[in-house]
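Any value given below was found using the heavy atoms of this structure, including those in side chains, with hydrogens, waters and symmetry copies removed. Quantities reported herein were computed from a predicted structural model and do not represent experimental measurements.
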Amino acid sequence: MSEADFIARLRAIATDPAARALADDAAVLGDLVLTHDMIVEGIHFLPDDTPQDVAWKLVAVNLSDLAAKGAVPIGVLVGYSLGDEAWNAAFVEGLDTALRRFNIILLGGDTVRVPAGAPRSFGLTAIGRAPEGGAPARSGAKPGDQIWVTGTIGNAGLGLAMRLGQVEANETCLSAYRRPQPQLTFGQALVPHVHAMMDVSDGLLIDAQRMAAASGCEIGIMLESIPLSAALLAVRPDVLDTRLAATAAGDDYQLLFAADPGAAAAIREISAGLNIAVTPIGHAGVGEGIQLTHRAQRIALPPRLGFMH
């Protein structure tokens, strides 16, 4: 059973409006935003990643979901699989660093002991305060909206390739893989100007497809507009192929959002004020799914749009 099939079955149970039909980054219960993500060794992180980096990623991927709802983080609950004593101690050190960095508190959680040699797995529930006026959903994109993304795309995917020894390493891409930065402040500032917002975790194309499905519209992505970093281009200078690979790489933890074209000036003002790059990469239209173009010419979608469980 695929992840999508399993979630479809769960929808029959998750009927409360707070669950948002399991089609969003988080649940919204009153003025609270709640999200839970897990990471598993060998799937979401490498066996030789440092415990400190693993702890950071566990916190950051959950806070990225709160960022997509414009929420202010309050605290977290951690699920931890106990293992080697030194690894456990280093993980706690890393967890403390991440929580202090984002000014949130540890509220509790649970621990289990797993058999020696079993892959480590961790879960975290992040709790945030919803913005005034409500948390934007994935489902609000409307035909005519501009589609935007923060930051650059593809650094973390290349950083993973560097960790695997497949390409020459550089610190920018390695850091994007090891220490993702959830766009909390930007997400909070964007709330009044967006119709829909989510984070880019599994890949830009697959996440845009999810926004399109939730919103009941088509989303067109202009490949030439996908923002790439100089560090990525220094390693992979073939811009067209690199942009295509970047759209499916995942682990970017940038914000993907839809807004009326009339909001563009306000969005750029927020971008300048926070010194965070933002780029319009497409439009929402009538239809369904996603369409990919390059310089106004439609091109085929890649066989793999992003990461799927």
Side-chain angles (χ1 to χ4, degrees), residues 4 23-25 64 67-68 136-158 176 180 183 186-187 190 193-229 232-233 236-264 267-268 271 276-308:
D24 208 345
D25 299 85
S64 186
R138 294 181 183 182
S139 58
K142 304 173 182 179
D145 280 353
Q146 279 186 299
I147 305 298
W148 301 72
V149 72
T150 60
T152 58
I153 298 298
N155 281 0
L158 187 57
Q183 300 297 322
F186 201 91
L190 279 175
H193 308 290
V194 303
H195 291 153
M197 184 156 61
M198 63 185 295
D199 74 332
V200 179
S201 54
D202 292 334
L204 178 63
L205 290 181
I206 198 168
D207 288 326
Q209 184 183 61
R210 290 165 178 162
M211 181 181 284
S215 299
C217 67
E218 179 185 80
I219 288 180
I221 302 293
M222 301 178 296
L223 193 59
E224 70 274 13
S225 298
I226 303 300
L228 304 178
S229 72
L232 186 149
L233 288 171
R236 291 184 172 162
D238 186 326
V239 176
L240 180 58
D241 286 349
T242 299
R243 279 205 171 96
L244 199 55
T247 60
D251 255 8
D252 292 302
Y253 301 104
Q254 298 294 339
L255 294 177
L256 177 71
F257 57 96
D260 187 280
I267 291 167
R268 293 192 187 280
S271 170
I276 296 172
V278 65
T279 307
I281 59 168
H283 296 86
V286 176
E288 60 182 21
I290 55 173
Q291 180 185 125
L292 191 59
T293 60
H294 182 251
R295 303 194 186 284
Q297 298 297 311
R298 187 164 182 170
I299 62 174
L301 294 170
R304 177 182 174 276
L305 299 183
F307 177 78
M308 295 188 70

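Closest of all the heavy-atom pairs between S201 and D207 is N-OD2, 2.9 Å. The nearest pair of heavy atoms linking I276 to Q183 is CD1-OE1, 3.5 Å. Closest of all the heavy-atom pairs between S215 and G140 is OG-N, 3.5 Å. Taking every heavy atom of both residues into account, I147 and A258 meet most closely at CD1-CB, 3.7 Å. Contact detail for A141 and A196: the closest heavy-atom pair is N-CB, 3.4 Å. Across all their heavy atoms, A284 and K142 have their closest contact at CB-O, 3.3 Å.
Atom CG of D260 and atom CG of D145 lie 6.5 Å apart (nearest 0.5 Å). Going from atom CG of D251 over to atom CD1 of I153 covers 11.5 Å, rounded to the nearest 0.5 Å. Taken to the nearest 0.5 Å, the NE2 atom of H283 stands 12.5 Å off from the CD atom of E218. Atoms CE and CG, on M197 and L190 in that order, are 5.5 Å from each other to the nearest 0.5 Å. The CE atom of M198 sits 3.5 Å away from the CZ atom of R138 when rounded to the nearest 0.5 Å. With values rounded to the nearest 0.5 angstrom, R210 atom CZ is found 12.5 Å from I219 atom CD1.
Of the possible donor and acceptor atoms, none in the side chain of D202 sits under 3.5 Å from a partner among the backbone N and O of G250. Looking at T150, its side chain never comes within 3.5 Å of a backbone N or O of V278 through a donor-acceptor pair. The main-chain N or O of V149 is never found under 3.5 Å from a side-chain atom of Q254 such that the two would form a donor-acceptor pair. In this structure, the side chain of R298 does not engage the main chain of Q291 through any donor-acceptor pair within 3.5 Å.
Considering only residues two or more places apart in sequence or on other chains, P261 meets the side chain to side chain contact (heavy atoms under 4.5 Å, CB included) condition with Q146. Qualifying side chain to side chain contact (heavy atoms under 4.5 Å, CB included) partners for L223, counting only residues two or more places apart in sequence or in other chains: I226, L240, R243, L244, T247, L292, H294, I299. Residues that satisfy the side chain to side chain contact (heavy atoms under 4.5 Å, CB included) test with S139, not counting sequence neighbours, are A137, A214.
For the side-chain contact (heavy atoms from CB on, under 4.5 Å) criterion with L228, the lone passing option out of T242, T152, N155 is T242.
P280 is listed as a side-chain neighbour of R268, based on a closest heavy-atom distance under 4.5 Å. Counting only heavy atoms from C-beta outward, the side chains of I290 and L205 approach each other to under 4.5 Å. Between F257 and I267, the closest side-chain pair of non-hydrogen atoms falls below 4.5 Å. Side chains of L255 and V194 form no contact here, defined as non-hydrogen atoms less than 4.5 Å apart.
Within 6.0 Å of atom CD in E288, 12 or fewer heavy atoms from other residues, nucleotides or ligands are found, so the atom counts as exposed in its surroundings.
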